[in-house]
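Below: one structure, written as structure tokens.
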Amino acid sequence: MPGWYYDKKEIRNSPSAQDALDFDTEMRYRKEGARFIIDTGSKMDLGYNTTATGVVYFHRFYMFHSFRQFPRYVTACCCLFLAGKVEETPKKCKDIIKTARGLLSDEKFATFGMDPKEEVMTLERILLQTIKFDLQVEHPYSYLIKYAKCLKGDKAKLQKMVQMAWTFVNDSLCTTLALQWEPEIIAVALMYLAGKLSKFEVLDWSGRNPRHLRWWDVFVEDVTMDLLEDICHQVLDLYSSQPTAVPDSPPPKTQSAPTPTKKSNNDQDKIETSDSSNNKAIQMTDMAPYQYQTFTTAPPPTYPSVYPAPSIPVTPHLSAPPPHISAPPPSVFPQFVNHPPPTFPPVTGAAPPFYPPAAPPPQNQRPFYQPQP
Amino acid sequence: MQNMSSRENNHNPSPSSAAMTIREKEEYISNFNFPFCDESTKYEKVAKIGQGTFGEVFKARDKSNPKKFVAMKKVLMDNEKEGFPITALREIRILQLLKHENVVNLIEICRTKASQANRYRSTFYLVFDFCEHDLAGLLSNVNVKFSLGEIKKVMQQLLNGLYYIHSNQILHRDMKAANVLITKNGVLKLADFGLARAFSSSKNGQPNRFTNRVVTLWYRPPELLLGERNYGPPVDLWGAGCIMAEMWTRSPIMQGNSEHQQLTLISQLCGSITPLCWPGVESLELYKKMDLPPSQKRKVRERLKPYLKDPYAIDLLDKLLVLDPSKRADSDTALNHDFFWTDPMPCELANMLANHTQSMFEFLAPPRRASQMRHHSLPRPSTSALQDSGYQDRVF
Ligand SMILES: Nc1ncnc2c1ncn2[C@@H]1O[C@H](COP(=O)(O)OP(=O)(O)OP(=O)(O)O)[C@@H](O)[C@H]1O
Ligand SMILES: [Mg+2]
């Protein structure tokens, strides 16, 4: 039974690739589809969990089908529609389509065909079968909050770091990271990145023990620096891809973002890391001009900013995780095998033999539920 | 279109493919071999064993392993304006989360092949491990006799299942004897998560606003009948209490035919519903609207005595059938009750069940347990044929 994780080679060899779609275009389609789900979701006031679930369905779907056969915006609507129901925030299919209509050009909306609703309904059955009815998806957000609560350091800087990491998690949905790594690992990597960029120093952490070299050793095992760097670069690459080369993708809007480091000078349009090759360690100097809030957090001015991070995770309401199943894994659940013995000795000889029953069979008897007047 | 139907490999679509029309998509569905969603033809239907609001349930045999039986529950998709029903999605998601000895095991979801004949709409089935009996079927058969130790075993497993699901933040919301399955080896499984849902104690301090139109009337607790929407695990423990009593009375103990009558029956058993025994009840929506019998004495113990002698059993029932949900025993407390830790100790059911070689299900039982289901009566099979042959399904 395959899990939902793939290595990079498998992702490169996707159904779309086999359908003669080049890799860069596929990555752009994935990014646009994910972005569209996030935009549609936030416009409809759906929470970050719902949209993130929809995006993960979307990425999984295209590990089995080609973008050439299934236009991305229809699939995106369908994924959001299903995620809404799964996350207990259902939206009517026709409302999702209406919102999508408002966000898409006529040309793109034409892929919905003559009967957009029927199109989405038909696709839903394909989607469900493709994703094996594996409806429950976990996201890095909850881990981010959980881990942040264990870190010790400057409170204000911690808050800033969490905020930035949260933004990176939003943006990571536009990559294929969710197809590669568990949400725990993505959370650690993007906190690591945000920590570097915001110069947050982890002084200490709860649960520390001498074997732990890094704070994340408490939460995830065997995560190498190479892996963390690779994950960070996959997110950073989003900001360095050339939007101008792609007429389809609107150029990222810029806004003065509370940068962790110095405010970049005027060339805000050049949002790129100095080097996006995946094996170079992230240096503070590389990152100085980098505007981390220029991707998903800078939506067109018509609608509100997408899913800001919650405030510092020490306020009590944050102890309540987002409203879906947040249970411990069933397997670790205690069973009643070691039940304590009775608290006082059993009464001996008092219990009458049970059968035959004292009461006649109920058929011949006044029903229990009709009490005497 | 031709190249679509001649496709052999899922990962090798025709190179000329562009976005598909609905027709082409239908073709695509009927040709695509969904690797994770098997066709229902891998099973062979043996008998119909259930009929609910949600769909039909069949017993079926696994063709690749003829000794293996499953139960297939059909997902009812007709008249669904909003695609795959949210209730079915909930049931699937919850069943996938819950893996426990005392919770029915969901094996997989199957589909019929999409074809022109079904207008390219697959039917989906939830496939479960087969359980030979349900508790309603067993209780309606006078030849099935439970000893006290066996009743303890049933209740212990039932509470164990509830403890597990509640710890995973799931409410069952449809406790009743027909939704409690028992294998021929005597292992009890909670089933029918068609109404279940996740709960959190509260969302950011906001009370929950669940629907209170849940739980079959006869097992519905007083707080739901009075319109409470911010309810929790105690709703399932009321049902557990009703089922426990039924282990002796052999039929549901409070068979109201309206919500008002149900509340009346509850008052006659558990005493009048007043703010004295249940602080806060006065703020429930329907408390003032319902005209309920005043000054009834609580008679749980005295009315149960003719049916059961065991003082521990009566004491536990008295703690489960409590009006105020906040004072009702929870599953942990109930499992610690001396009922389960005094002689006769809980005892395996396998030996007793070995005397019965036919499956017993509510659906197959004579209609003595009139079918007052949730809000409407459901079609029942004509029973004359069934009565001749006793219980229909002989292989188990
Ligand atoms: N795994 C199983 N093994 C044997 N019998 C089963 C199994 N699952 C269900 N049944 C039988 O089918 C009946 C109906 O199943 P279930 O309660 O799941 O659906 P339902 O009652 O139709 O759903 P709902 O209550 O949501 O309308 C059960 O009462 C039981 O008799
Ligand atoms: Mg049922």
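Numbers restart at 1 for each chain; the letters A, B, ... are given by sequence-line order, proteins then strands.
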Verdict with supporting geometry, B:R90 and A:E88, side-chain contact (heavy atoms from CB on, under 4.5 Å): CA-CA 9 Å; B:R90 225 178 246 159; A:E88 302 286 348; 2.7 Å; yes

Candidate pair A:L128 and B:I109, rule side-chain contact (heavy atoms from CB on, under 4.5 Å), full reasoning: CA-CA 10 Å; A:L128 280 166; B:I109 318 267; over 6 Å; no

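A distance of 11.0 Å separates CG of A:L135 from CD1 of B:I94, quoted to the nearest 0.5 Å.
In this structure, B:G83 and A:K85 approach most closely via the heavy-atom pair C-NZ, 3.8 Å.
Not counting sequence neighbours, A:K94 has no partner by the side chain to side chain donor-acceptor pair (under 3.5 Å) test. In this structure A:T89 satisfies the side chain to side chain donor-acceptor pair (under 3.5 Å) test together with A:T50, sequence neighbours excluded.
Evaluated for a ring pair (Phe, Tyr, Trp, His ring centres under 6.0 Å) with A:F133, the options B:F36, B:Y125, B:F34, B:F84 yield exactly one hit, B:F84.
Side-chain contact check for A:Q136 versus B:L97: every heavy-atom pair is 4.5 Å or farther apart. Between B:M77 and A:R125 the shortest side-chain heavy-atom distance falls below 4.5 Å.
There is no contact between A:F67 and chain B, counting heavy-atom distances below 4.5 Å. Only the side chain of B:F124 comes within contact range of chain A, with at least one heavy atom under 4.5 Å from a heavy atom of that chain.
Taking a cutoff of 4.0 Å between a charged side-chain nitrogen and a carboxylate oxygen, A:K132 and B:E108 do not qualify as a salt bridge. Taking a cutoff of 4.0 Å between a charged side-chain nitrogen and a carboxylate oxygen, B:R121 and A:E124 do not qualify as a salt bridge.
For A:K117 (side chain) and B:K81 (main-chain N/O), a donor-acceptor pair under 3.5 Å exists by modelled atom type.
Not less than 6.0 angstrom separates the ring centroid of B:F32 from the ring centroid of A:F64.
Around atom NZ of A:K146, no more than 12 heavy atoms belonging to other residues, nucleotides or ligands sit under 6.0 Å away.
When each of A:L123, A:D134, A:L82, A:I131 is scored by its heavy-atom pairs under 4.5 Å with chain B, the top score falls to A:D134.
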